[in-house]
*Asks:* 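One structure follows; several queries about it will come next.
In this text, all values refer to a predicted model and were calculated from it rather than measured experimentally. Each residue takes its place number in the sequence, starting with 1.
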Amino acid sequence: MKDTIREMFPILREKINNHPLIYMDNAATTQKPQQVIESISSFYKHQNANVHRGVHVLSQRATDLFEKAREEIRVFLNAASSEEILFVRGATEGINLVAASFGRSQLKPGDEIILSEMEHHANVVPWQMLARELNFSIKVIPFHDRGELDLEAYKKLFTSRTRLVGVVHVSNVLGTVNPIKEISAIAHDHGVPILVDGAQALAHEKIDVQAVDCDMYTISAHKAYGPTGIGALYVKENLLETWPPYQGGGEMIEQVEFGKYPLFSGLPYRFEAGTPNVAGAVGFAEALRFIREIGYKSIQNHEKELLAYGRERLLSIPKLTLYGDAKEKTAIFSFLIDGIHPLDIGSFLDARGIAVRTGHHCAQPLMTHYGISGTARASLALYNTKDEIDYFVECLKEMVKLFI
Ligand code: PLP
(Lines give C-alpha, C1' and ligand atoms only; values in the text may rest on other atoms or scores of the structure.)
Protein backbone atom coordinates (compact mmCIF):
# COMPACT_ATOMS: atom_id res chain seq x y z
CA MET A 1 0.00 0.00 0.00
CA LYS A 2 1.31 3.43 -0.90
CA ASP A 3 2.82 5.81 1.66
CA THR A 4 0.07 8.28 0.79
CA ILE A 5 -2.37 6.01 2.58
CA ARG A 6 -0.29 6.05 5.76
CA GLU A 7 -0.15 9.83 5.52
CA MET A 8 -3.93 9.95 5.68
CA PHE A 9 -3.78 8.64 9.27
CA PRO A 10 -2.38 11.36 11.57
CA ILE A 11 -1.98 9.00 14.53
CA LEU A 12 0.56 6.91 12.63
CA ARG A 13 3.04 9.76 13.16
CA GLU A 14 2.89 9.26 16.95
CA LYS A 15 5.89 8.06 18.91
CA ILE A 16 5.24 5.43 21.57
CA ASN A 17 7.94 4.86 24.17
CA ASN A 18 10.32 6.77 21.88
CA HIS A 19 9.62 4.47 18.96
CA PRO A 20 7.47 5.12 15.89
CA LEU A 21 4.02 3.65 16.50
CA ILE A 22 3.44 0.27 14.88
CA TYR A 23 -0.26 -0.30 15.28
CA MET A 24 -1.26 -3.97 15.09
CA ASP A 25 -4.42 -3.92 17.19
CA ASN A 26 -6.85 -3.29 14.38
CA ALA A 27 -9.27 -6.05 15.33
CA ALA A 28 -9.89 -4.13 18.57
CA THR A 29 -10.31 -0.85 16.73
CA THR A 30 -8.85 0.70 13.60
CA GLN A 31 -7.25 4.13 13.36
CA LYS A 32 -9.11 6.97 11.65
CA PRO A 33 -8.13 8.77 8.44
CA GLN A 34 -8.05 12.56 8.38
CA GLN A 35 -11.20 12.76 6.25
CA VAL A 36 -13.23 10.93 8.92
CA ILE A 37 -11.84 13.13 11.68
CA GLU A 38 -12.60 16.22 9.61
CA SER A 39 -16.14 15.13 8.78
CA ILE A 40 -16.97 14.87 12.48
CA SER A 41 -15.28 18.16 13.31
CA SER A 42 -17.05 19.89 10.40
CA PHE A 43 -20.40 18.51 11.54
CA TYR A 44 -19.98 20.10 14.97
CA LYS A 45 -18.72 23.34 13.43
CA HIS A 46 -21.38 23.78 10.74
CA GLN A 47 -24.31 21.40 10.99
CA ASN A 48 -24.90 20.34 14.59
CA ALA A 49 -28.54 20.09 15.68
CA ASN A 50 -30.91 17.34 16.73
CA VAL A 51 -32.45 15.37 13.88
CA HIS A 52 -36.02 14.79 12.68
CA ARG A 53 -37.70 17.24 15.05
CA GLY A 54 -36.79 20.72 13.92
CA VAL A 55 -38.03 23.00 11.18
CA HIS A 56 -34.94 25.20 11.45
CA VAL A 57 -32.11 25.07 8.94
CA LEU A 58 -29.53 23.36 11.11
CA SER A 59 -31.93 20.61 12.12
CA GLN A 60 -32.68 20.00 8.47
CA ARG A 61 -28.99 19.89 7.62
CA ALA A 62 -28.33 17.40 10.43
CA THR A 63 -31.33 15.29 9.39
CA ASP A 64 -30.17 15.26 5.77
CA LEU A 65 -26.68 14.15 6.76
CA PHE A 66 -28.02 11.49 9.11
CA GLU A 67 -30.36 10.03 6.50
CA LYS A 68 -27.65 10.29 3.83
CA ALA A 69 -25.43 8.21 6.12
CA ARG A 70 -28.15 5.59 6.37
CA GLU A 71 -28.39 5.52 2.58
CA GLU A 72 -24.59 5.24 2.31
CA ILE A 73 -24.71 2.18 4.58
CA ARG A 74 -27.60 0.71 2.59
CA VAL A 75 -25.68 1.03 -0.65
CA PHE A 76 -22.53 -0.31 0.96
CA LEU A 77 -24.25 -3.46 2.25
CA ASN A 78 -26.51 -3.66 -0.81
CA ALA A 79 -29.66 -3.78 1.31
CA ALA A 80 -32.88 -3.49 -0.66
CA SER A 81 -34.25 -0.55 1.36
CA SER A 82 -32.95 2.03 3.82
CA GLU A 83 -35.81 1.00 6.12
CA GLU A 84 -33.82 -2.16 6.75
CA ILE A 85 -30.86 -0.22 8.19
CA LEU A 86 -31.01 0.58 11.90
CA PHE A 87 -28.45 2.76 13.61
CA VAL A 88 -27.04 1.15 16.75
CA ARG A 89 -23.99 1.75 18.96
CA GLY A 90 -22.08 -1.10 17.35
CA ALA A 91 -22.20 -4.82 16.66
CA THR A 92 -22.82 -5.55 20.34
CA GLU A 93 -25.94 -3.41 20.43
CA GLY A 94 -27.04 -4.79 17.06
CA ILE A 95 -27.03 -8.33 18.47
CA ASN A 96 -28.64 -7.22 21.72
CA LEU A 97 -31.39 -5.58 19.66
CA VAL A 98 -32.03 -8.85 17.83
CA ALA A 99 -32.08 -10.77 21.12
CA ALA A 100 -34.35 -8.27 22.88
CA SER A 101 -36.74 -7.69 20.03
CA PHE A 102 -36.88 -10.85 17.92
CA GLY A 103 -35.64 -13.20 20.66
CA ARG A 104 -37.84 -12.10 23.52
CA SER A 105 -41.00 -11.93 21.39
CA GLN A 106 -40.55 -15.09 19.34
CA LEU A 107 -38.49 -17.68 21.24
CA LYS A 108 -40.37 -20.15 23.42
CA PRO A 109 -39.38 -22.71 26.07
CA GLY A 110 -37.89 -25.77 24.37
CA ASP A 111 -36.81 -23.83 21.27
CA GLU A 112 -33.21 -24.03 20.05
CA ILE A 113 -30.80 -21.62 18.48
CA ILE A 114 -27.44 -22.41 16.84
CA LEU A 115 -24.26 -20.39 17.42
CA SER A 116 -20.66 -21.23 16.56
CA GLU A 117 -17.76 -22.15 18.79
CA MET A 118 -15.77 -19.19 17.41
CA GLU A 119 -18.27 -16.45 18.32
CA HIS A 120 -17.22 -13.26 20.06
CA HIS A 121 -18.94 -12.93 23.45
CA ALA A 122 -21.15 -10.27 21.85
CA ASN A 123 -22.94 -13.08 20.00
CA VAL A 124 -23.00 -15.47 22.94
CA VAL A 125 -23.81 -13.65 26.16
CA PRO A 126 -27.03 -11.87 25.03
CA TRP A 127 -28.37 -15.30 24.00
CA GLN A 128 -27.28 -16.97 27.23
CA MET A 129 -29.01 -14.27 29.27
CA LEU A 130 -32.20 -14.66 27.25
CA ALA A 131 -32.01 -18.48 27.29
CA ARG A 132 -32.06 -18.45 31.08
CA GLU A 133 -35.12 -16.21 31.03
CA LEU A 134 -37.06 -18.02 28.28
CA ASN A 135 -35.77 -21.54 28.68
CA PHE A 136 -34.56 -22.23 25.16
CA SER A 137 -31.28 -24.01 24.44
CA ILE A 138 -28.14 -23.11 22.52
CA LYS A 139 -26.43 -25.59 20.20
CA VAL A 140 -22.88 -25.02 19.04
CA ILE A 141 -21.22 -25.50 15.62
CA PRO A 142 -17.72 -26.83 16.33
CA PHE A 143 -14.65 -25.86 14.32
CA HIS A 144 -11.64 -27.83 13.12
CA ASP A 145 -8.27 -27.00 14.70
CA ARG A 146 -7.12 -25.00 11.70
CA GLY A 147 -10.03 -22.66 12.35
CA GLU A 148 -12.73 -23.70 9.88
CA LEU A 149 -16.31 -24.41 10.92
CA ASP A 150 -17.41 -28.04 10.69
CA LEU A 151 -20.30 -27.66 8.26
CA GLU A 152 -21.21 -31.35 8.38
CA ALA A 153 -21.68 -31.09 12.15
CA TYR A 154 -23.64 -27.84 11.58
CA LYS A 155 -26.14 -29.56 9.29
CA LYS A 156 -26.85 -32.15 11.98
CA LEU A 157 -27.75 -29.55 14.62
CA PHE A 158 -31.09 -28.60 13.07
CA THR A 159 -34.35 -29.91 14.55
CA SER A 160 -37.96 -28.85 14.23
CA ARG A 161 -37.33 -26.51 17.21
CA THR A 162 -34.44 -24.54 15.64
CA ARG A 163 -35.39 -20.86 15.47
CA LEU A 164 -32.17 -18.97 14.67
CA VAL A 165 -28.60 -19.40 13.46
CA GLY A 166 -26.05 -16.82 14.65
CA VAL A 167 -22.59 -16.87 13.15
CA VAL A 168 -19.57 -14.61 12.91
CA HIS A 169 -18.50 -13.60 9.39
CA VAL A 170 -14.80 -13.09 10.26
CA SER A 171 -13.32 -14.43 13.51
CA ASN A 172 -11.61 -11.76 15.60
CA VAL A 173 -9.12 -14.34 16.90
CA LEU A 174 -8.39 -16.63 13.96
CA GLY A 175 -9.18 -14.31 11.07
CA THR A 176 -11.26 -17.08 9.48
CA VAL A 177 -13.67 -15.81 6.85
CA ASN A 178 -16.66 -18.09 7.25
CA PRO A 179 -18.65 -19.18 4.16
CA ILE A 180 -21.74 -17.30 5.23
CA LYS A 181 -23.54 -17.73 1.92
CA GLU A 182 -23.39 -21.50 2.33
CA ILE A 183 -24.22 -21.30 6.04
CA SER A 184 -27.23 -19.08 5.20
CA ALA A 185 -28.44 -21.45 2.51
CA ILE A 186 -28.33 -24.40 4.93
CA ALA A 187 -30.26 -22.40 7.56
CA HIS A 188 -32.85 -21.41 4.97
CA ASP A 189 -33.23 -25.02 3.80
CA HIS A 190 -34.54 -25.59 7.33
CA GLY A 191 -36.67 -22.44 7.27
CA VAL A 192 -34.46 -20.78 9.91
CA PRO A 193 -33.30 -17.12 9.77
CA ILE A 194 -29.63 -16.27 10.16
CA LEU A 195 -27.90 -13.44 12.01
CA VAL A 196 -24.34 -12.63 10.89
CA ASP A 197 -21.89 -10.78 13.14
CA GLY A 198 -19.94 -8.72 10.63
CA ALA A 199 -17.90 -6.67 13.11
CA GLN A 200 -14.58 -7.91 11.74
CA ALA A 201 -15.63 -8.18 8.12
CA LEU A 202 -16.40 -4.60 7.13
CA ALA A 203 -12.78 -3.41 6.93
CA HIS A 204 -11.66 -6.36 4.82
CA GLU A 205 -14.51 -8.00 2.90
CA LYS A 206 -17.10 -6.75 0.44
CA ILE A 207 -20.46 -7.39 2.06
CA ASP A 208 -23.59 -7.96 0.00
CA VAL A 209 -26.47 -8.93 2.25
CA GLN A 210 -28.70 -9.83 -0.71
CA ALA A 211 -26.10 -12.00 -2.44
CA VAL A 212 -25.33 -13.81 0.81
CA ASP A 213 -29.05 -13.87 1.60
CA CYS A 214 -28.65 -13.41 5.34
CA ASP A 215 -31.57 -12.11 7.38
CA MET A 216 -29.65 -9.92 9.81
CA TYR A 217 -26.15 -8.48 9.59
CA THR A 218 -24.48 -6.20 12.10
CA ILE A 219 -21.41 -3.94 11.87
CA SER A 220 -19.39 -1.46 13.96
CA ALA A 221 -17.97 1.68 12.33
CA HIS A 222 -14.88 1.81 14.52
CA LYS A 223 -13.60 -1.52 13.21
CA ALA A 224 -13.53 -0.04 9.71
CA TYR A 225 -11.86 3.37 9.99
CA GLY A 226 -14.96 5.05 11.41
CA PRO A 227 -15.74 6.49 14.85
CA THR A 228 -16.61 4.56 18.02
CA GLY A 229 -20.16 4.43 19.37
CA ILE A 230 -21.93 3.91 16.04
CA GLY A 231 -22.80 0.89 13.95
CA ALA A 232 -25.65 -0.56 11.98
CA LEU A 233 -27.95 -3.53 12.02
CA TYR A 234 -29.46 -4.75 8.76
CA VAL A 235 -32.68 -6.73 9.08
CA LYS A 236 -34.82 -7.95 6.18
CA GLU A 237 -37.91 -5.80 6.10
CA ASN A 238 -40.43 -8.66 6.26
CA LEU A 239 -38.83 -9.81 9.54
CA LEU A 240 -38.36 -6.36 11.03
CA GLU A 241 -42.05 -5.58 10.48
CA THR A 242 -42.96 -8.39 12.88
CA TRP A 243 -40.61 -7.30 15.69
CA PRO A 244 -41.65 -5.17 18.64
CA PRO A 245 -39.59 -2.02 19.38
CA TYR A 246 -36.30 -2.43 21.20
CA GLN A 247 -36.31 0.68 23.41
CA GLY A 248 -39.06 3.20 24.07
CA GLY A 249 -38.78 6.98 24.06
CA GLY A 250 -38.76 9.94 21.74
CA GLU A 251 -38.33 9.62 17.96
CA MET A 252 -39.95 6.17 17.79
CA ILE A 253 -43.63 7.03 18.31
CA GLU A 254 -46.52 8.54 16.36
CA GLN A 255 -48.79 9.16 19.33
CA VAL A 256 -48.63 8.85 23.10
CA GLU A 257 -51.59 9.18 25.46
CA PHE A 258 -51.99 8.07 29.04
CA GLY A 259 -54.39 5.14 29.25
CA LYS A 260 -53.51 3.91 25.75
CA TYR A 261 -50.70 1.82 24.27
CA PRO A 262 -48.42 4.12 22.23
CA LEU A 263 -48.67 4.21 18.47
CA PHE A 264 -45.20 3.54 17.08
CA SER A 265 -43.46 5.12 14.09
CA GLY A 266 -42.78 3.22 10.89
CA LEU A 267 -39.48 1.58 9.96
CA PRO A 268 -36.68 2.22 10.73
CA TYR A 269 -37.52 4.91 13.34
CA ARG A 270 -39.51 2.56 15.55
CA PHE A 271 -36.16 0.98 16.47
CA GLU A 272 -34.26 4.21 17.12
CA ALA A 273 -35.48 5.70 20.40
CA GLY A 274 -33.81 8.88 21.63
CA THR A 275 -31.29 11.24 20.11
CA PRO A 276 -28.98 9.23 17.85
CA ASN A 277 -25.24 9.59 17.44
CA VAL A 278 -25.55 11.99 14.52
CA ALA A 279 -21.87 12.99 14.38
CA GLY A 280 -21.00 9.29 14.55
CA ALA A 281 -23.27 8.54 11.60
CA VAL A 282 -21.59 11.31 9.60
CA GLY A 283 -18.14 9.90 10.42
CA PHE A 284 -19.35 6.38 9.64
CA ALA A 285 -20.52 7.42 6.17
CA GLU A 286 -17.17 9.13 5.55
CA ALA A 287 -15.32 5.95 6.57
CA LEU A 288 -17.37 3.99 4.04
CA ARG A 289 -16.48 6.57 1.36
CA PHE A 290 -12.82 6.16 2.35
CA ILE A 291 -13.05 2.38 1.91
CA ARG A 292 -14.86 2.77 -1.39
CA GLU A 293 -12.27 5.21 -2.73
CA ILE A 294 -9.45 2.77 -1.98
CA GLY A 295 -11.47 -0.27 -2.97
CA TYR A 296 -11.67 -3.71 -1.40
CA LYS A 297 -9.56 -5.14 -4.20
CA SER A 298 -6.52 -3.03 -3.26
CA ILE A 299 -7.16 -3.55 0.45
CA GLN A 300 -7.36 -7.32 0.03
CA ASN A 301 -4.35 -7.54 -2.28
CA HIS A 302 -2.26 -5.65 0.24
CA GLU A 303 -3.54 -7.51 3.30
CA LYS A 304 -3.14 -10.91 1.63
CA GLU A 305 0.48 -10.07 0.93
CA LEU A 306 0.96 -9.08 4.56
CA LEU A 307 -0.73 -12.29 5.70
CA ALA A 308 1.49 -14.56 3.61
CA TYR A 309 4.64 -12.62 4.49
CA GLY A 310 3.84 -12.36 8.21
CA ARG A 311 2.89 -16.03 8.48
CA GLU A 312 6.16 -17.14 6.98
CA ARG A 313 8.23 -14.74 9.12
CA LEU A 314 6.43 -15.66 12.35
CA LEU A 315 6.82 -19.39 11.72
CA SER A 316 10.60 -18.83 11.60
CA ILE A 317 10.49 -18.01 15.33
CA PRO A 318 11.35 -20.97 17.50
CA LYS A 319 8.62 -22.26 19.82
CA LEU A 320 5.94 -20.08 18.28
CA THR A 321 2.48 -21.55 17.64
CA LEU A 322 0.05 -19.78 15.33
CA TYR A 323 -3.67 -20.30 15.92
CA GLY A 324 -5.90 -20.24 12.86
CA ASP A 325 -4.78 -21.33 9.45
CA ALA A 326 -8.03 -21.32 7.51
CA LYS A 327 -7.91 -21.24 3.73
CA GLU A 328 -9.92 -18.03 3.74
CA LYS A 329 -8.62 -15.68 6.40
CA THR A 330 -7.78 -12.06 7.11
CA ALA A 331 -4.39 -10.80 8.29
CA ILE A 332 -4.72 -11.74 11.96
CA PHE A 333 -1.95 -13.56 13.80
CA SER A 334 -2.95 -15.12 17.11
CA PHE A 335 0.05 -16.82 18.63
CA LEU A 336 1.78 -18.15 21.72
CA ILE A 337 5.47 -18.68 22.37
CA ASP A 338 6.24 -21.68 24.54
CA GLY A 339 7.53 -20.53 27.91
CA ILE A 340 6.51 -16.85 27.57
CA HIS A 341 3.27 -15.46 28.95
CA PRO A 342 1.27 -13.53 26.31
CA LEU A 343 1.07 -10.53 28.67
CA ASP A 344 4.86 -10.37 28.67
CA ILE A 345 4.82 -10.46 24.87
CA GLY A 346 2.42 -7.51 24.84
CA SER A 347 4.49 -5.45 27.30
CA PHE A 348 7.80 -6.25 25.58
CA LEU A 349 6.40 -5.14 22.22
CA ASP A 350 4.75 -2.04 23.69
CA ALA A 351 8.11 -0.91 25.04
CA ARG A 352 9.26 -0.97 21.40
CA GLY A 353 6.27 0.97 20.05
CA ILE A 354 4.28 -2.04 18.82
CA ALA A 355 0.62 -2.29 19.83
CA VAL A 356 -0.78 -5.83 19.95
CA ARG A 357 -3.53 -7.28 22.13
CA THR A 358 -3.21 -10.12 24.61
CA GLY A 359 -5.81 -12.22 26.42
CA HIS A 360 -8.91 -14.16 25.44
CA HIS A 361 -10.13 -11.49 22.97
CA CYS A 362 -13.73 -11.93 24.22
CA ALA A 363 -13.82 -15.42 22.74
CA GLN A 364 -13.41 -17.77 25.68
CA PRO A 365 -15.25 -20.73 24.10
CA LEU A 366 -12.72 -20.55 21.25
CA MET A 367 -9.86 -20.54 23.77
CA THR A 368 -11.43 -23.58 25.49
CA HIS A 369 -11.35 -25.38 22.13
CA TYR A 370 -7.56 -25.10 22.08
CA GLY A 371 -7.17 -25.64 25.84
CA ILE A 372 -5.53 -22.24 26.33
CA SER A 373 -6.57 -19.14 28.24
CA GLY A 374 -5.42 -16.54 25.75
CA THR A 375 -3.02 -15.53 22.99
CA ALA A 376 -1.06 -12.55 21.76
CA ARG A 377 -2.78 -11.14 18.68
CA ALA A 378 -1.42 -8.93 15.93
CA SER A 379 -4.25 -7.83 13.66
CA LEU A 380 -3.30 -5.89 10.54
CA ALA A 381 -5.04 -3.29 8.43
CA LEU A 382 -4.47 -1.50 5.14
CA TYR A 383 -1.79 0.84 6.55
CA ASN A 384 0.50 -1.88 7.93
CA THR A 385 3.70 -2.70 6.04
CA LYS A 386 6.20 -5.51 5.55
CA ASP A 387 8.81 -3.35 7.28
CA GLU A 388 6.61 -3.23 10.34
CA ILE A 389 6.26 -7.02 10.24
CA ASP A 390 10.06 -7.34 9.99
CA TYR A 391 10.55 -5.18 13.08
CA PHE A 392 7.78 -7.03 14.95
CA VAL A 393 9.42 -10.39 14.17
CA GLU A 394 12.88 -9.07 15.13
CA CYS A 395 11.51 -7.95 18.50
CA LEU A 396 9.91 -11.35 19.08
CA LYS A 397 13.18 -13.10 18.22
CA GLU A 398 15.03 -10.84 20.64
CA MET A 399 12.49 -11.73 23.28
CA VAL A 400 12.87 -15.46 22.71
CA LYS A 401 16.65 -15.07 23.16
CA LEU A 402 16.17 -13.17 26.42
CA PHE A 403 13.40 -15.27 27.94
CA ILE A 404 14.11 -18.84 26.89
N1 PLP B 1 -18.09 -9.34 17.12
C2 PLP B 1 -16.79 -9.48 16.84
C3 PLP B 1 -16.35 -10.61 15.97
C4 PLP B 1 -15.85 -8.59 17.36
O5 PLP B 1 -14.55 -8.74 17.08
C6 PLP B 1 -16.31 -7.54 18.18
C7 PLP B 1 -15.34 -6.60 18.79
O8 PLP B 1 -14.19 -6.92 18.99
C9 PLP B 1 -17.67 -7.41 18.42
C10 PLP B 1 -18.53 -8.33 17.87
C11 PLP B 1 -18.20 -6.31 19.23
O12 PLP B 1 -18.05 -5.10 18.56
P13 PLP B 1 -18.34 -3.72 19.30
O14 PLP B 1 -17.49 -3.73 20.53
O15 PLP B 1 -17.93 -2.70 18.32
O16 PLP B 1 -19.80 -3.70 19.61
Side-chain angles (χ1 to χ4, degrees), residues 79 84 86 91-144 147-171 176-199 201 207-219 233-244 246 271 363-366 368-369:
E84 299 177 318
L86 310 180
T92 302
E93 190 178 40
I95 295 163
N96 274 277
L97 191 158
V98 177
S101 193
F102 157 82
R104 180 162 290 112
S105 65
Q106 299 191 20
L107 296 177
K108 304 271 180 301
D111 281 350
E112 296 163 3
I113 67 165
I114 297 175
L115 303 175
S116 93
E117 198 184 8
M118 64 169 79
E119 294 309 299
H120 185 282
H121 294 167
N123 201 21
V124 177
V125 181
W127 299 112
Q128 289 179 320
M129 288 162 63
L130 198 64
R132 169 174 281 198
E133 202 182 308
L134 300 184
N135 229 355
F136 61 85
S137 59
I138 300 173
K139 292 186 160 180
V140 181
I141 313 167
F143 65 83
H144 299 294
E148 288 167 345
L149 288 177
D150 182 343
L151 295 189
E152 290 311 309
Y154 165 57
K155 289 176 193 162
K156 291 185 190 136
L157 295 178
F158 287 88
T159 72
S160 60
R161 299 305 304 265
T162 311
R163 299 286 176 257
L164 176 78
V165 171
V167 81
V168 69
H169 190 172
V170 176
S171 161
T176 308
V177 182
N178 285 316
I180 52 167
K181 187 169 180 179
E182 197 180 341
I183 295 171
S184 278
I186 294 166
H188 290 159
D189 281 348
H190 292 88
V192 175
I194 175 166
L195 159 67
V196 180
D197 171 1
I207 298 160
D208 183 331
V209 290
Q210 293 192 77
V212 162
D213 195 22
C214 60
D215 302 280
M216 299 150 244
Y217 195 101
T218 190
I219 49 180
L233 171 69
Y234 157 81
V235 185
K236 271 185 190 163
E237 195 170 343
N238 63 331
L239 290 183
L240 200 53
E241 274 168 352
T242 68
W243 296 4
Y246 165 52
F271 290 91
Q364 284 179 325
L366 183 153
T368 303
H369 173 104

*Asks:* Can you find a heavy atom in the side chain of V98 that is under 4.5 Å from one in the side chain of L233?
*Replies:* yes
*Asks:* Please determine which of Y234, F102, F271 meets the side-chain contact (heavy atoms from CB on, under 4.5 Å) test together with L240.
*Replies:* F271
*Asks:* Decide salt bridge (charged side-chain N to carboxylate O under 4.0 Å, His left out) for K156 and D150; before the verdict, give the C-alpha distance in whole Å, the side-chain angles of both, and the deciding distance to 0.1 Å.
*Replies:* CA-CA 10 Å; K156 291 185 190 136; D150 182 343; over 6 Å; no
*Asks:* Classify the ring geometry between F158 and H190 as parallel (under 30°), tilted (30 to 60°) or perpendicular (over 60°).
*Replies:* parallel
*Asks:* Nearest 0.5 Å, what's the CG-OH distance between N96 and Y246?
*Replies:* 5.5 Å
*Asks:* V167 and N123: which non-hydrogen atoms are nearest, and at how many Å?
*Replies:* N-ND2, 3.7 Å
*Asks:* Minimum heavy-atom separation for W127 to L195, with atom names?
*Replies:* CZ2-CD2, 3.9 Å
*Asks:* Report yes if some heavy atom in the side chain of L149 is under 4.5 Å from a heavy atom in the side chain of Y154; otherwise report no.
*Replies:* no
*Asks:* Below 4.0 angstrom, N of the basic side chain to O of the carboxylate: do K181 and D208 qualify?
*Replies:* no
*Asks:* Walk me through whether E182 and L151 qualify under side chain to side chain contact (heavy atoms under 4.5 Å, CB included).
*Replies:* CA-CA 9 Å; E182 197 180 341; L151 295 189; 3.3 Å; yes
*Asks:* So how far is it from L157 CG to I113 CD1, rounded to the nearest 0.5 Å?
*Replies:* 12.0 Å
*Asks:* Is a donor on one side and an acceptor on the other found under 3.5 Å between the side chain of D213 and the backbone of Q210?
*Replies:* no
*Asks:* Can you tell me how far apart CG (L115) and CD1 (I141) are? Round to the nearest 0.5 Å.
*Replies:* 8.0 Å
*Asks:* Flag the pair D197 / H169 as yes when at least one side-chain heavy-atom distance between them is below 4.5 Å, and no otherwise.
*Replies:* no
*Asks:* Measure across T176 and G147 and return the closest heavy-atom pair with its distance rounded to 0.1 Å.
*Replies:* OG1-O, 2.6 Å
*Asks:* Can you tell me how far CG of N178 sits from CE of M118, rounded to the nearest 0.5 angstrom?
*Replies:* 4.5 Å
*Asks:* What I want to find out is whether K139 reaches E112 closely enough, with some N-O distance under 4.0 Å, to be called a salt bridge.
*Replies:* yes
*Asks:* Show your reasoning for whether side chain to side chain contact (heavy atoms under 4.5 Å, CB included) applies to K108 and R163.
*Replies:* CA-CA 9 Å; K108 304 271 180 301; R163 299 286 176 257; over 6 Å; no
*Asks:* Is there a side-chain contact between L130 and P126 (heavy atoms, below 4.5 Å)?
*Replies:* no
*Asks:* Rounded to the nearest 0.5 Å, how far does OG of S171 lie from CD of E117?
*Replies:* 11.0 Å
*Asks:* Test side chain to side chain contact (heavy atoms under 4.5 Å, CB included) on M129 and V125 and set out the steps.
*Replies:* CA-CA 6 Å; M129 288 162 63; V125 181; 3.8 Å; yes
*Asks:* Begin from the C-alpha positions of M216 and V196 and carry the test side chain to side chain contact (heavy atoms under 4.5 Å, CB included) through to its verdict.
*Replies:* CA-CA 6 Å; M216 299 150 244; V196 180; over 6 Å; no
*Asks:* Are the side chain of R161 and the backbone N or O of F136 linked by a donor-acceptor pair below 3.5 Å?
*Replies:* no
*Asks:* Indicate yes or no: at least one non-hydrogen side-chain atom of T242 is less than 4.5 angstrom from one of Q106.
*Replies:* yes
*Asks:* Say you draw a straight line from CD of E119 to CD1 of I138; how long is it, rounded to the nearest 0.5 Å?
*Replies:* 11.0 Å
*Asks:* Quick check: closest heavy atoms across A201 and Y217, and the distance to 0.1 Å?
*Replies:* CB-OH, 3.3 Å
*Asks:* Heavy atoms only: give me the nearest V165-A187 pair and the separation to one decimal.
*Replies:* CG2-CB, 3.9 Å
*Asks:* Between E84 (side chain) and E237 (backbone), is there a donor-acceptor pair under 3.5 Å?
*Replies:* yes
*Asks:* Show the nearest heavy-atom pair for residues C214 and I194, with the distance to one decimal.
*Replies:* CA-CG2, 3.9 Å
